[in-house]
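Comments concern the structure below.
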Amino acid sequence: MNDQISMETAIQKAGILLEALPYIKRFKDKIVIIKFGGSAMSDDKVLTNVLLDTVFMKTVGMMPILVHGGGPHISREMERRGLRPKFVDGHRITDRETLEIAKTVLVDQIGASMVKKISEMGNDAVCVWEDGYCPITAEKYYIEVKEDDGTTNQLDIGYVGKVTSIIRERFLSLCSECTIPIVPPLAKGNDGEIYNINADSVAAFLAKALGAEKLVFLSNTHGIMTRPNDETSFVSTLHEDEAHSLIDKKIINGGMLPKVFACIAAVKAGVKKAHIINGQIPHALLLEIFTDKGVGTQIIV
């Protein structure tokens with residue numbers, strides 16, 4: 001009886017491998033941008049699953065690039081030092097002290113930890129921010145504020161930027177090696193300053209600039225739902241027009257907004273596929289990329 005169960009289990013496993021085969025062929029030598037944030041990294045089991053999935057992708061010939069956030073980690077470190085995090089329209093107000101904390105947390109703690117974990121899994125990884133060098137350029141970002149008289153003013157929120165360019169050859173060189181690039185949301189300006197960048201926008205910019213096959217956002221929800229908190233309303237595919245309708249109704253809001261906008265912008269710029277999936281599902285990346293069903297919401301235009 002046990003031998004029969006073992007044989008059935010082995011056959012099922014073979015079937016899973018065969019289901020993955022056409023996807024492995026399709027995505028071989030293709031760049032996939034994966035972005036995941038602080039909530040996922042706070043759970044060591046979730047982080048380990050994401051990194052294992054990424055190593056698997058690299059092993060079968062794909063070119064994954066990991067873009068990570070770290071907002072909750074930065075806020076906790078600020079509070080530990082007696083500072084109160086402040087935000088405007090979802091952007092962290094970043095003075096010089098906050099920037100130094102962000103750099104330490106994002107590069108020296110999160111980035112270094114990810115490189116170490118991937119190395120322990122048998123693959124090379126490198127944080128693209130090395131010894132003050134970064135292959136991403138940004139300019140200072142201002143929030144536009146509408147006044148009562150209809151005029152628009154620019155609000156200075158400190159060392160916050162938006163990506164303007166990347167050194168494409170650096171990323172392509174890393175991807176062609178047996179290396180997984182780890183990208184913190186930091187960039188250097190032409191003015192010599194360092195800027196804190198929204199990680200979702202970094203991921204979208206990289207996907208467009210590198211001609212990525214896929215852009216995947218790992219969130220803490222099952223993709224997008226058309227009715228708040230009703231998982232039966234989950235949609236596997238969402239058109240841009242439908243997304244804007246849900247935004248107008250405030251059904252898509254908060255942290256999901258930049259992800260949806262980033263997906264739309266990336267696909268319009270030529271990225272083949274853009275997905276939002278639940279990173280808390282074990283091996284969600286592999287399920288989304290290598291199975292027929294998938295587990296998240298695909299954004300189309």
Side-chain angles (χ1 to χ4, degrees), residues 33-42 65-115 126-145 154-167 170-171 181-209 215 217-219 254-259 261-262 265-266:
I33 308 295
I34 304 153
K35 187 270 169 179
F36 68 118
S39 57
M41 290 181 293
S42 297
I65 297 175
L66 276 170
V67 179
H68 67 82
H73 299 72
I74 295 170
S75 293
R76 282 197 297 270
E77 182 61 23
M78 290 180 68
E79 289 163 359
R80 192 185 70 79
R81 300 189 191 190
L83 302 172
R84 186 166 65 90
K86 298 177 183 178
F87 297 87
V88 177
D89 290 349
H91 295 279
R92 185 187 301 274
I93 297 177
T94 307
D95 59 14
R96 180 69 71 179
E97 187 173 6
T98 301
L99 178 65
E100 291 304 316
I101 291 172
K103 285 166 54 183
T104 298
V105 169
L106 294 169
V107 178
D108 299 336
Q109 295 178 15
I110 296 175
S113 174
M114 290 170 64
V115 168
V126 63
C127 178
V128 298
W129 185 281
E130 288 185 301
D131 300 323
Y133 166 80
C134 179
I136 304 175
T137 303
E139 64 183 15
K140 188 175 175 65
Y141 175 77
Y142 295 89
I143 291 178
E144 291 192 349
V145 179
Q154 290 186 324
L155 178 64
D156 189 336
I157 52 174
Y159 297 96
V160 176
K162 64 177 181 179
V163 182
T164 56
S165 66
I166 65 167
I167 300 176
R170 172 61 174 161
F171 284 97
I182 308 295
V183 185
L186 295 167
K188 274 197 171 180
N190 289 324
D191 55 5
E193 297 288 0
I194 296 169
Y195 291 101
N196 188 18
I197 315 289
N198 176 276
D200 292 335
S201 64
V202 172
F205 194 99
L206 281 173
K208 291 182 286 186
L215 169 63
F217 288 97
L218 296 176
S219 73
M256 191 61 75
L257 273 173
K259 292 176 177 56
F261 285 135

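All heavy atoms count here, side chains included; hydrogens, waters and symmetry mates do not.
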For Gly161 and Tyr195, work out which heavy atoms get closest and say how close. N-CB, 3.7 Å
To the nearest 0.5 Å, tell me how far Arg84 CZ sits from Met78 CE. 9.5 Å
So does Lys140 have more than 12 non-hydrogen atoms from other groups sitting under 6.0 Å from NZ? yes
Rounded distance [0.5 Å steps], CG in Asp191 versus CD in Glu139: 10.0 Å
Min side-chain heavy-atom separation Ser201-Lys162 under 4.5 Å: no
Of all heavy-atom pairs between Gly69 and Lys35, which one has the smallest distance, and what is that distance? N-CE, 4.5 Å
Just how far is it from atom CD1 of Ile101 to atom CD1 of Ile74, taken to the nearest 0.5 Å? 9.0 Å
If you look only at pairs with a residue in residues 102-111, which of them pass as a salt bridge (charged side-chain N to carboxylate O under 4.0 Å, His left out), with sequence neighbours excluded? Glu100-Lys103
Student check: side-chain heavy atoms of Pro258 and Phe217 closer than 4.5 Å: no
Walk me through whether Ile136 and Ile197 qualify under side chain to side chain contact (heavy atoms under 4.5 Å, CB included). CA-CA 10 Å; Ile136 304 175; Ile197 315 289; over 6 Å; no
Counting neighbours of CD on Glu79 that are heavy atoms of other residues, nucleotides or ligands and sit closer than 6.0 Å, is the number greater than 12? yes
Check whether Thr94 reaches the backbone of Gly158 with its side chain - one donor and one acceptor, N or O, closer than 3.5 Å. no
Heavy-atom pair with the smallest gap, counting every atom of Ile110 and Gly70: CD1-CA, 3.8 Å
Note, Trp129 side chain near Lys188 side chain (heavy atom, < 4.5 Å): yes
Does the Arg92 side chain pair with the main chain of Pro85, one donor and one acceptor, at a distance under 3.5 Å? no
One should read off an interatomic distance between Met114 CE and Phe36 CZ, to the nearest 0.5 angstrom, of 4.0 Å
Taking every heavy atom of Cys134 against every heavy atom of Leu186, the minimum-distance pair comes out as SG-O, 3.6 Å
Taking all atoms of both residues into account, what is the closest heavy-atom pair of Tyr159 and Asp95, and its distance? CD1-C, 3.8 Å
Decide yes or no on side chain to side chain contact (heavy atoms under 4.5 Å, CB included) for His68 and Ile182, but give the supporting numbers first. CA-CA 8 Å; His68 67 82; Ile182 308 295; 3.6 Å; yes
Give the C-alpha distance, both sets of side-chain angles, the deciding distance and a yes or no for side chain to side chain contact (heavy atoms under 4.5 Å, CB included) between Val183 and Phe171. CA-CA 10 Å; Val183 185; Phe171 284 97; 3.9 Å; yes
To the nearest 0.5 Å, atom OG1 of Thr98 lies from atom CZ of Arg81 at 9.5 Å
Can you tell me how far CD1 of Ile166 sits from CZ of Phe205, rounded to the nearest 0.5 angstrom? 6.5 Å
Specify the closest pair of heavy atoms between Ala266 and Leu215, including all atoms of both residues, with the distance to one decimal. CB-CD2, 3.7 Å
Candidate pair Tyr141 and Ile157, rule side chain to side chain contact (heavy atoms under 4.5 Å, CB included), full reasoning: CA-CA 8 Å; Tyr141 175 77; Ile157 52 174; 4.3 Å; yes
